[in-house]
Amino acid sequence: MSRTFYVTTPIYYVNDVPHIGHAYTTLAADVIARYKRLKGNEVFFLTGTDEHGQKVEKAANAAGETPLELADRVVKRFQALWEKLDVSYTDFIRTTQERHKNGVSHLFAQVLAQGDIYLGEYEDWYCTPCETFWTETQLIDYKCPDCNRPTEKLKEESYFFRMSKYQEQLLAHIEANPDFIQPKSKRNEIIAFVKEGLRDLSISRTSFKWGIPVPGNERHVIYVWFDALANYITALGYPDQSGNFGKFWPVDAHLIGKDILRFHAVYWPTFLMAAGLPLPRKVFAHGWWTVEGQKMSKSLQNVVEPNMLIDKYGADAVRYFLLREVPFGLDGDFSHTALVHRINSDLANDLGNLLNRSTAMINKYFDGIVQTPGPLSALDQAYRAKTEAMVTQVDAHLDELAFSKALQAIWEVISAGNKYIDESAPWALAKDPAQHERLGTIMYCSLESQRIIYHLLAAFMPKTATKALSYLSWDAPPTEAGLKWGGLATGTKITKAEPLFPRIEEGTRD
RNA sequence: GGCGGUGUAGCUCAGCUGGUUAGAGCACACGGCUCAUAUCCGUGUUGUCCGGGGUUCGAGUCCCUGCACCGCCA
């Protein structure tokens, strides 16, 4: 009965340190993974690191260490960050692991054996000092874009993948599956790109050593993207069908940044076609974050360091902000004022305050004990219906990875919850003993709606949800059954809540 | 240069197959409540819906054109 769900982030290149962009993709994957688990799916959530390639080799040399030593160091930083952000990944793959190298070799050998990989010559502009090939369009005045020194046209022996062979098949698949590549604007770009014609792809290098050797020809190292993309199946144990690979492939969603869409929407599917494997169900390219209106870059020194944000605002606030502020798929701007604003108005005023006022009242009026609700008035029923509708809406939005819409739908009910209290005015009823049952019913509806809200929010803000639910004496982990109205039992002891998100005074920022 | 997209209140954006007085959130102003983290609720202001032309009984919504910005490709 249990369905499976497989979601991935890209594997992050160890030549870079974690920044807000990495955190964004990973958090999105975490939210969907947590939600699918709550819905009863068996979830496989994969993230990891890409550790091969010339840049890593050179950076390691420069630092006087081996590439693997460099990778070990950076991997720890990623893993520490994910822990800090409460990222619930199932597996963390490193491309230097044996399981991965074996899988990649197998994939390469198989495609080679069937004739879709052939040995040829790769010709492009080469910068000798940098030991790097550039395409003509990358050159600046025929000079190396990295070091500005002259380049020369050079030939290198290389293995090629017959990508051209799969052009029509890929196009047909994209057109037959409207949700395969998302968002739609990106899908159009890929269709246009494929229609212009796919050329065979160079998938090996002889100019450096730090990578997986081509089976049967150790002078060649497998091209970094062929190596990296395969992580999505090697982590499942490919080519062994008996375990996770048979169980979880094809993947339900590859979440990626828009800069690597072509690799995931063109290269990867054609590799899979050649290998006779099913294609991913969905590839979703999200947007970029600018920072205070400016493009993030090392030279501007405005790269947002997630650790600093978490220390300052807390993991859940960061998680909420990133997924609420911008529709998944569009670019967004990160700013401290926007973040503080979201914390104060959405989290402190709307969400937190609702929990506070309701838990305070039930303690004041009923010593914190949940009463058996009487008949629901029209007002109560409308509120309940809105809460129930939210559960369906959130489910639909999350199916489309529309995180921000899902949160909006939740916040509509939070707003309705504040309004509900206002309109039913419990403090007035409390003065009239004859209204005792009515008062208990209102408390019930308010808290029950919130209990369901925190079940949904558990995917987005796990710590906050756990804490809020504990005030409602709900200590079990959130489940799908918990999304149904009526879960709050008569006699439950409600604790008066401490503020979940204290307001942040504007202007106290550094 | 080719293909695609965008241009709607101060800000960020919704507005599907054209149909009465163009919406939401935030911000701002005023009013109300007091259970609550000076929180919550209500009301209200601002829009040549980028410019121009056209189709139509009727267009933010379709067509043409101009401008601006963005993306992909070259």
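Naming: A, B, ... by sequence-line order, numbering from 1 per chain. Excluded from the calculations below are hydrogen atoms, water molecules and symmetry mates; all remaining heavy atoms, backbone and side chain alike, are included.
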Sorted by chain and number, sequence neighbours left out, salt bridge (Lys or Arg N to Asp or Glu O under 4.0 Å) with A/Arg324 holds for none

Across every strand shown, the nucleotide meeting Watson-Crick or G-U wobble geometry with B/rA74 (both distances under 3.5 Å) is none

Closest heavy-atom pair, A/Asp333 versus A/Val326, reported as atoms and distance to 0.1 Å, is N-CG2, 4.4 Å

| query | Between A/Asp179 and A/Arg187, is there a salt bridge with N-O shorter than 4.0 Å? | reply | no

Nearest-Å distance once atom P is located in both B/rU48 and B/rU61
16 Å

Separation of B/rC41 atom C1' from A/Leu379 atom CG, nearest Å, is 13 Å

Comparing nearest nucleotides in RNA chain B, the 5'-proximal residue of the pair A/Pro499, A/Trp427 is A/Trp427

Exercise for review: Quote, to the nearest angstrom, the P distance that separates B/rG10 from B/rG5.
Suggested key: 28 Å

pair_partner(B/rU43), Watson-Crick or wobble, both distances < 3.5 Å, evaluates to B/rA29

- Query: When the C1' atoms of B/rC69 and B/rA27 are considered, how many whole Å apart are they?
  - Reply: 26 Å

**Request:** For B/rG4 versus B/rG58, give the span between their C1' atoms, rounded off to a whole number of Å.
**Result:** 31 Å

Separation of B/rU39 atom C1' from A/Ile421 atom CD1, nearest Å, is 12 Å

>> Any side-chain N or O of A/Arg357 below 4.0 angstrom from OP1/OP2 of B/rU39?
In response: no

Closest of B/rC72, B/rA27, B/rU37 to the A/His341 side chain is B/rA27

**Message:** Just to be sure I understand the rule, does A/Leu500 reach a base, reach only the sugar-phosphate, or reach nothing, if contact means heavy atoms closer than 4.0 Å?
**Reply:** base

**Q.** P atoms of B/rU43 and B/rG52, separation to the nearest Å
**A.** 35 Å

In Watson-Crick or G-U wobble terms, with both distances under 3.5 Å, the base opposite B/rA36 is none

Inset, instruction - Kindly assign one of parallel, tilted or perpendicular to the pair A/Phe263 and A/Trp225, based on the angle between their ring planes and the thresholds 30° and 60°. - result: parallel

Atom CD of A/Glu412 and atom P of B/rC41 are separated, to the nearest Å, by 13 Å

From the candidates B/rC41, B/rU37, B/rC35, the one with an atom nearest any side-chain atom of A/Met361 is B/rC35

| request: Write down the distance separating the P atoms in B/rG23 and B/rG44, rounded off to the nearest Å. | output: 11 Å

For A/Lys84, I'd like to know if atom NZ has over 12 heavy atoms of other residues, nucleotides or ligands within 6.0 Å. yes

- For the residue pair A/Phe161 and A/Tyr267, is the inter-centroid distance of their aromatic rings smaller than 6.0 Å? no

Rounded to whole Å, the NZ-C1' distance (A/Lys419 to B/rC35) equals 18 Å

For A/Asn349, answer base if it contacts any base atom (sugar-phosphate contacts may also be present), sugar-phosphate if it contacts only those atoms, and nothing otherwise; contact means non-hydrogen atoms under 4.0 Å. sugar-phosphate

For A/Lys186, which contact category applies under a 4.0 Å heavy-atom criterion: base, sugar-phosphate, or nothing? sugar-phosphate

Please tabulate the protein-to-nucleotide N/O contacts below 3.5 Å involving nucleotides 2-12 of chain B, giving atom names and distances.
none

**Message:** Over all strands shown, is A/Tyr365 touching base, sugar-phosphate only, or nothing at heavy-atom distances under 4.0 angstrom?
**Reply:** sugar-phosphate

Scanning all shown strands, the Watson-Crick or wobble mate of B/rG19 with both distances under 3.5 Å is B/rC57

Looking only at B/rC73, B/rU37, B/rC41, the nucleotide nearest the A/Arg262 side chain is B/rC73

Between NZ of A/Lys184 and C1' of B/rC16 the distance, given in whole Å, is 10 Å

Next item on the list: Identify whether any heavy atom of A/Pro426 sits under 4.0 Å from a base atom; if not, whether one sits that close to sugar-phosphate; answer base, sugar-phosphate or nothing.
Entry: nothing

Taking B/rC40, B/rU37, B/rC72 as options, the one with an atom nearest any side-chain atom of A/Asp350 is B/rC40

Between CZ of A/Arg199 and C1' of B/rC73 the distance, given in whole Å, is 12 Å

### Message
What contact category does A/Lys364 fall into here, base, sugar-phosphate, or nothing, at under 4.0 angstrom with non-hydrogen atoms?
### Response
sugar-phosphate

(request) Would you classify A/Asn356 as touching base, sugar-phosphate or nothing, given that sugar-phosphate means primed atoms plus P, OP1 and OP2, and contacts are heavy atoms under 4.0 Å? (result) base

- Task: Give a yes or no on whether a salt bridge exists between A/Lys295 and A/Asp331, defined as a side-chain N under 4.0 angstrom from a carboxylate O.
- Result: no

Note: A/Asn353 and A/Asn349 closest approach over all heavy atoms is CB-O, 2.9 Å

Here the distance between atom P of B/rG25 and atom CG of A/Asn344, to the nearest Å, is 19 Å

**OP:** Could you tell me whether A/Arg342 and A/Asp350 have a side-chain N and a carboxylate O separated by less than 4.0 Å?
**Re:** no

Practice prompt. Could you work out the separation of B/rC33 and B/rU46 based on their C1' atoms and round it to a whole Å?
Written response: 29 Å

Please list every donor-acceptor pair under 3.5 Å in which a side-chain atom of residues 429-441 of chain A meets a protein atom from a residue at least two apart or in another chain.
from     : atom 1 : to       : atom 2 : distance (Å)
A/Asp432 : OD1    : A/Ala434 : N      : 3.0
A/Arg438 : NH1    : A/Asp380 : OD2    : 2.8
A/Arg438 : NH2    : A/Ser377 : OG     : 3.2
A/Arg438 : NH2    : A/Asp380 : OD1    : 3.1
A/Arg438 : NH2    : A/Asp380 : OD2    : 3.4
A/Thr441 : OG1    : A/Gly374 : N      : 2.9
A/Thr441 : OG1    : A/Glu437 : O      : 2.9

If we take the C1' atom in both B/rA74 and B/rC16, what is their distance in whole Å? 35 Å

